[in-house]
Amino acid sequence: MSTSPIVQSFFHADSSTWSHVVRDPDTSTAAIIDPVLDFDVASGRTGTASAEAMVDYIDAHSLQVAWLLETHAHADHLSAAHWLRTKRFPRARIGIGEGIATVQKHFRPIFNLGKHFPIDGSQFDHLFRDGERFDIGGLEAQVIAVPGHTSDSNAFLIGDALFVGDSLFMPDGGTARCDFPGGSAATLYRSIQRLYALPDATRVFVCHDYAPGGREHRCETSIGDEKHGNIHVRTDTPEAEFVPQREARDATLDMPKLILPAVQVNIRAGELPDAEGNGVRYLKLPIDQL
Ligand SMILES: N[C@@H](CCC(=O)N[C@@H](CS)C(=O)NCC(=O)O)C(=O)O
Ligand SMILES: [Fe+2]
């Protein structure tokens with residue numbers, strides 16, 4: 001049984017998102033983490049070029065996709081999970097943290113989705129609870145709940161590779177914002193302490209990299225490098241120092257440009273809203289709600 005997955009990462013430039021294909025070297029089984037559906041908000045046009053680049057890689061290596069994993073309901077891009085499962089990998093299961101129910105409960109009234117929109121996470125194939133273990137071929141995977149950025153945030157420890165979602169960024173990028181509904185800087189700090197309890201050699205793969213200082217975009221670091229070099233939280237950073245700094249920075253940030261389209265699609269596991277009578281799908285833009 002292998003403990004070290006092969007990771008191929010894909011960068012989505014519009015949202016600075018890293019998606020990852022994680023594969024067991026001993027079998028052809030793989031998981032896709034945080035796939036992106038292209039979306040041009042000005043034209044309302046979706047696209048699958050980014051997702052198809054991952055499909056090409058999977059086809060080239062004859063992989064079986066067992067899981068489409070979401071580290072959280074993203075606020076800055078649309079998920080390609082539904083498209084990938086429907087059009088390419090019908091046997092893959094879409095999984096997200098059980099905290100998605102809290103996110104859905106918050107946003108259902110904002111988008112006026114009504115009682116027919118379930119707020120129990122049932123749009124997803126599987127809801128992960130903290131500490132849950134599952135297999136990807138011969139790889140062992142473990143769920144580590146990392147709330148703080150959002151209430152549904154999970155990290156996935158797959159062999160020696162940790163997919164941190166939006167908790168930690170690269171060391172010079174610090175941490176994710178905590179001002180979305182259900183977010184909390186103190187909660188994120190405590191989540192990060194759980195990640196810092198992992199071995200220093202644990203490979204860390206981030207979900208976003210905003211390339212501070214104009215350096216190249218990167219996605220891989222390690223627990224040791226985060227613990228000793230993260231600009232927001234190192235092993236010697238007290239919670240009382242991190243929280244006010246994180247909150248002060250959050251107060252300066254604009255909402256992500258795609259938050260309204262993204263959230264209403266991503267709480268449906270990436271499925272677009274049903275078509276109206278004319279066959280066209282519409283996204284809502286609630287006024288003065290955020
Ligand atoms: N300008 C970006 C902002 C995206 C954003 O807010 N990203 C979140 C993660 S979903 C974050 O934590 N950003 C951290 C920061 O900007 O400090 C956009 O409009 O999409
Ligand atoms: Fe995020």
Side-chain angles (χ1 to χ4, degrees), residues 9 11-20 33-42 50 69-81 96-97 99-100 102-104 106-107 144-156 163-189 191-192 195 204-215 217-219 221 226 230-233 237 242-267 269-270 283 285 290:
S9 303
F11 188 64
H12 184 254
D14 286 354
S15 63
S16 298
T17 301
W18 284 101
S19 307
H20 309 281
I33 301 181
D34 292 329
V36 179
L37 185 72
D38 303 321
F39 183 63
D40 178 53
V41 70
S50 299
L69 301 175
E70 299 285 1
T71 56
H72 60 296
H74 302 279
D76 65 323
H77 66 267
L78 277 58
S79 167
I96 198 166
I100 187 65
T102 310
V103 179
Q104 292 174 326
H106 180 86
F107 282 103
I144 304 173
V146 288
H149 171 61
T150 63
S151 32
D152 63 335
S153 289
N154 274 332
F156 295 102
F163 298 85
V164 292
D166 290 353
S167 50
L168 294 164
F169 294 145
M170 294 299 291
D172 61 353
T175 55
R177 66 194 294 173
C178 296
D179 59 334
F180 294 156
S184 155
T187 304
L188 179 63
Y189 180 90
S191 293
I192 289 170
L195 302 182
V204 167
F205 293 88
V206 300
C207 173
H208 285 298
D209 182 46
Y210 300 107
R215 62 154 169 71
H217 291 274
R218 296 173 54 202
C219 67
T221 177
E226 293 282 21
N230 188 286
I231 59 164
H232 293 167
V233 187
T237 309
F242 170 72
V243 170
Q245 283 179 4
R246 183 68 258 173
E247 289 174 349
R249 177 168 165 76
D250 288 349
T252 69
L253 299 176
D254 293 329
M255 280 292 137
K257 57 185 186 303
L258 291 187
I259 187 168
L260 290 168
V263 169
Q264 66 194 289
V265 170
N266 295 341
I267 60 174
L283 290 166
L285 209 56
L290 287 191

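In this text, all values refer to a predicted model and were calculated from it rather than measured experimentally. In each ligand, atom 1 is the first atom listed, and ligand 1 is the first ligand listed.
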J.: Of all the non-hydrogen atoms in the protein, which one sits nearest to atom 4 (C) of ligand 1, and at what distance?
T.: Tyr210 OH, 3.5 Å
J.: Answer yes or no for His72: is there a heavy-atom contact with ligand 1 below 4.0 Å?
T.: no
J.: Under a heavy-atom criterion of less than 4.0 Å, does His149 contact ligand 1?
T.: yes
J.: Residue-level breakdown please: for His232 versus ligand 1, do any non-hydrogen atoms fall below 4.0 Å on the side chain, on the backbone, on both, or on neither?
T.: neither
J.: Taking Asp34 for its side chain and Thr71 for its backbone only, find out whether a donor-acceptor pair lies under 3.5 Å.
T.: yes
J.: Using a distance threshold of 4.0 Å (strictly less than), state whether atom 9 (C) of ligand 1 has a protein heavy-atom neighbour.
T.: yes
J.: Measuring to the Fe ion (ligand 2), does Asp166 have an N/O/S atom at a distance below 2.8 Å?
T.: yes
J.: Give the atom numbers and elements of ligand 1 that come within less than 4.0 Å of a heavy atom of Arg246.
T.: 17 (O)
J.: Give the residue and atom name of whichever protein heavy atom lies nearest to atom 2 (C) of ligand 1, and the separation in Å to one decimal.
T.: Pro256 CA, 4.6 Å
J.: In Å, rounded to the nearest 0.5 Å, how long is the span from NE2 of His20 to CZ of Phe156?
T.: 12.0 Å
J.: Please write down residue, atom name and distance for the protein heavy atom closest to atom 17 (O) of ligand 1.
T.: Arg249 NH2, 2.7 Å
J.: Write out the residue and atom name of the closest protein heavy atom to atom 6 (O) of ligand 1, then the distance separating them to 0.1 Å.
T.: Arg177 NH1, 2.7 Å
J.: I would like to know whether Phe39 and His77 meet ring pair (Phe, Tyr, Trp, His ring centres under 6.0 Å); could you show each step before the answer?
T.: CA-CA 8 Å; Phe39 183 63; His77 66 267; over 10 Å; no
J.: Decide yes or no for Asp172 and Arg215: does some side-chain heavy atom of the first lie under 4.5 Å from some side-chain heavy atom of the second?
T.: yes
